[in-house]
Number of protein chains: 2
Amino acid sequence: MSMPGISLRQIGFLVALSDELNFSRAAEACNVTQPTLSAGLRELEGTLGVQLAERTRRSVIMTPVGREIAERGRRLLIGAQDIETLAAEQSKPHAGDLTLGAIPTIGPFLLPRALPRIRDAFPNLRLFLREEMTESLLDGLHGGRLDAVVIAQPFEIGNLETAFMFDDGYHLAAPPSQAEVPDGAVTGEVLTGKRLMLLEKGHCLQRHALSAYPGADIRPDESFSATSLSTLIAMVSEGLGITLLPDLSIDAGAARGSQLRLAPLADACPRHVVMAWRKTSARAGLFRDLAALLTQSRDAMRTA
Amino acid sequence: MSMPGISLRQIGFLVALSDELNFSRAAEACNVTQPTLSAGLRELEGTLGVQLAERTRRSVIMTPVGREIAERGRRLLIGAQDIETLAAEQSKPHAGDLTLGAIPTIGPFLLPRALPRIRDAFPNLRLFLREEMTESLLDGLHGGRLDAVVIAQPFEIGNLETAFMFDDGYHLAAPPSQAEVPDGAVTGEVLTGKRLMLLEKGHCLQRHALSAYPGADIRPDESFSATSLSTLIAMVSEGLGITLLPDLSIDAGAARGSQLRLAPLADACPRHVVMAWRKTSARAGLFRDLAALLTQSRDAMRTA
DNA sequence: CATGGACATAGGAATTTCCTATCACTGTAA
DNA sequence: TTACAGTGATAGGAAATTCCTATGTCCATG
């Protein structure tokens with residue numbers, strides 16, 4: 001294993017530059033001055049023997065190799081940080097910073113309830129929470145911006161490790177006026193031929209809700225799309241249509257105060273809510289513990 | 001992406017130490033003096049905040065974290081080297097050093113014939129060849145000791161990329177005395193109930209030959225095992241038993257000069273010979289080209 | 001034409017690196 | 001027991017590197 005001629009610092013410069021496409025901003029991101037970054041990149045180009053970025057006076061354009069190397073470099077930096085994290089986890093288990101992402105149809109209903117429990121179990125953990133849609137979460141995970149994410153399967157997992165947390169079924173939500181929705185539990189039959197109001201494109205709930213009854217003739221109401229579950233609930237209250245709401249959101253009280261008719265759909269295919277992280281992550285143990293805590297929190301909401 | 005506190009150089013120290021378990025030898029491997037490595041490792045332990053190695057006066061023992069971090073570090077170094085290789089490949093395509101491994105039942109018969117062709121096509125490539133058994137080759141590949149390997153499927157590929165090269169069938173090889181083996185092509189039936197002499201444990205040809213006729217009652221001759229194909233051929237010549245020889249070795253003239261009776265087994269399941277390399281390798285293009293050249297060389301042997 | 005923002009360059013101070021020389025210790029062999 | 005060989009740690013200083021400030025040069029824009 002011969003010694004590398006390049007340094008992580010220089011790789012960091014390259015990655016920052018490929019993100020910012022601007023020497024000064026990249027330098028700032030690296031906590032160095034612009035000349036330092038400039039020299040560092042020049043030296044990297046020297047040792048590698050290839051041009052990594054085209055500098056015109058006005059803009060920076062990465063060369064194809066530059067882009068490729070920046071991408072590999074990003075993975076390298078993540079690996080280096082994993083090593084540091086691993087060491088930190090070793091000396092102070094379950095402490096330090098953790099950036100956790102969650103999809104908007106789960107995060108706001110689950111995490112606030114779970115926070116006391118988490119704080120209690122891991123008092124030295126500083127939790128940074130983010131809500132994004134699945135695709136963005138997975139990007140962030142692979143790019144090192146996020147450490148772990150809470151998402152709903154089915155979805156295309158890449159090179160990820162997952163821990164199952166709980167299944168999340170659906171309630172039918174209809175305006176109080178809509179008498180065709182009975183009180184109490186109903187089955188998927190009431191939905192046949194109906195049009196559902198859904199969240200806007202990109203939310204996995206959209207896709208999942210439509211496949212809650214595989215083969216059934218359930219279609220989206222193309223004329224509406226909501227940006228959040230609370231908007232959706234408001235729209236249903238206004239009598240604009242019906243929708244499926246995740247059980248979790250209802251148990252969390254999202255529909256409390258509104259005049260919805262809610263009926264559990266016991267026979268719907270539930271979503272599988274999981275915690276996911278990079279296979280190479282240094283804190284799989286923490287993530288698994290965290291997943292268990294979130295499962296507990298969800299169970300507590302059910303019985304309450 | 002915050003800047004790492006550790007350096008590749010220090011990681012290199014750790015990896016070398018975990019390989020050598022001796023500061024002086026590790027230092028030599030890193031081309032530094034022992035005090036330098038000593039200080040570097042101490043500093044690494046300082047920034048990581050964990051002890052990586054226990055130093056007694058008499059020996060070095062890696063701590064569990066030390067081992068884990070060394071393993072991750074090794075992957076990091078490979079990634080860094082891949083970047084350098086990628087850059088080199090960019091500025092001088094298909095040049096530089098390449099360490100190619102091959103199993104002993106293929107390498108010696110294929111590579112010598114192919115060398116002129118390779119030299120011709122890639123005059124700036126310096127090829128280092130190694131012959132090892134499959135398991136060792138795969139280890140070397142993942143550990144960065146080898147860049148690409150030539151092996152025979154089926155086998156458990158890990159995170160590898162492969163390029164198919166050619167199928168390699170079998171000839172039945174028997175002593176000249178053994179009249180039960182007819183001249184000309186034969187089918188698997190002649191083998192039923194027979195005992196085959198094979199290479200010693202670890203050679204994939206052993207396993208492959210026995211499964212050339214799935215379901216057939218062919219068993220190894222436990223009392224013999226050869227260390228190389230030429231030994232095996234000599235043993236058959238001596239009348240000690242019969243065996244299956246790969247077509248490639250015969251076309252390469254391995255049995256030339258011996259008194260074997262050779263009969264092609266047209267209906268045997270052939271081995272699939274492939275080139276394999278790390279998915280993350282920077283020279284997939286070169287490897288694919290090389291595989292094509294080797295396929296050509298093999299075909300040339302057939303027609304000749 | 002003046003301006004602001006971009007990246008490159010220069011020079012020097014501060015830091016870091018890394019070597020040689022040496023120490024302190026410990027098993028081993030005479 | 002003593003001498004020795006081999007281990008990793010330590011010290012000190014020379015050399016190299018790093019990285020900042022200040023400045024230069026070019027270009028697009030108003």
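Note that the coordinates shown come from a computational prediction; the quantities given were computed from them, not determined experimentally.
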Of all heavy-atom pairs between A/H203 and A/P104, which one has the smallest distance, and what is that distance?
CE1-CG, 3.7 Å
Distance below 4.0 Å between A/N22 side-chain N/O and C/dC7 OP1 or OP2:
yes
Please report the distance, rounded to the nearest Å, between CG in B/L21 and P in D/dT7.
13 Å
Whole-Å gap separating C1' (C/dA8) and CD (A/E45):
13 Å
Whether A/R55 and A/E45 form a salt bridge (side-chain N of Lys/Arg under 4.0 Å from carboxylate O of Asp/Glu) is what I want to check.
yes
Do any side-chain nitrogens or oxygens of B/T33 fall under 4.0 Å of OP1 or OP2 in C/dC18?
no
Under 4.0 Å from OP1 or OP2 of C/dT17: is there any side-chain N or O of B/T36 that close?
no
How long is the line joining CG of A/L44 and C1' of D/dT18, in whole Å?
16 Å
A/E28 CD: over 12 foreign heavy atoms closer than 6.0 Å
no
Gap between atoms CG and C1', on B/N31 and C/dC18 respectively (whole Å):
13 Å
What nucleotide, of D/dA9, C/dA10, C/dC7, holds the atom closest to the side chain of A/S24?
C/dC7
Terminal axis angle for the helix from C/dC1-D/dG30 to C/dA30-D/dT1, five pairs an end, nearest 10 degrees
10°
Take the angle between the ring planes of A/W277 and A/F287 and call it parallel below 30°, perpendicular above 60°, tilted in between.
tilted
Choosing from C/dT20, C/dA8, D/dG8, which nucleotide comes nearest the side chain of A/R55?
C/dA8
DNA chain D: B/R25 or B/R42, which has the more 5' nearest nucleotide?
B/R25
Heavy-atom donor-acceptor pair, A/Q34 side-chain to C/dA6 base, under 3.5 Å
no
According to a strict under-4.0 Å criterion, is B/R9 in side-chain N/O contact with OP1 or OP2 of C/dT17?
no
Spacing between B/L41 atom CG and C/dT17 atom C1', to the nearest angstrom:
16 Å
Atom-pair distance (CD on B/E20; P on D/dT7), nearest Å
11 Å
Looking at D/dG8, D/dT21, C/dA8, which one has an atom nearest to any side-chain atom of A/S38?
C/dA8
Between B/R72 and B/E68, does at least one N-O distance fall below 4.0 Å, as a salt bridge requires?
yes
Of the candidates C/dA21, C/dA6, C/dA8, the side chain of A/F23 sits closest to C/dA8
Looking at B/E135, I'd like to know if its CD atom is crowded, meaning that more than 12 non-hydrogen atoms belonging to other residues, nucleotides or ligands lie closer than 6.0 Å.
no
From CG of B/L37 over to P of C/dC19, roughly how many Å is that when rounded to an integer?
10 Å
To the nearest angstrom, the CG-P distance between B/L52 and D/dG8 comes to 15 Å
pair A/V149-A/L160: side-chain heavy atoms closer than 4.5 Å
no
Looking at B/R9 and B/E43, is there a salt bridge between them, counting it only when a charged N and a carboxylate O are closer than 4.0 Å?
no
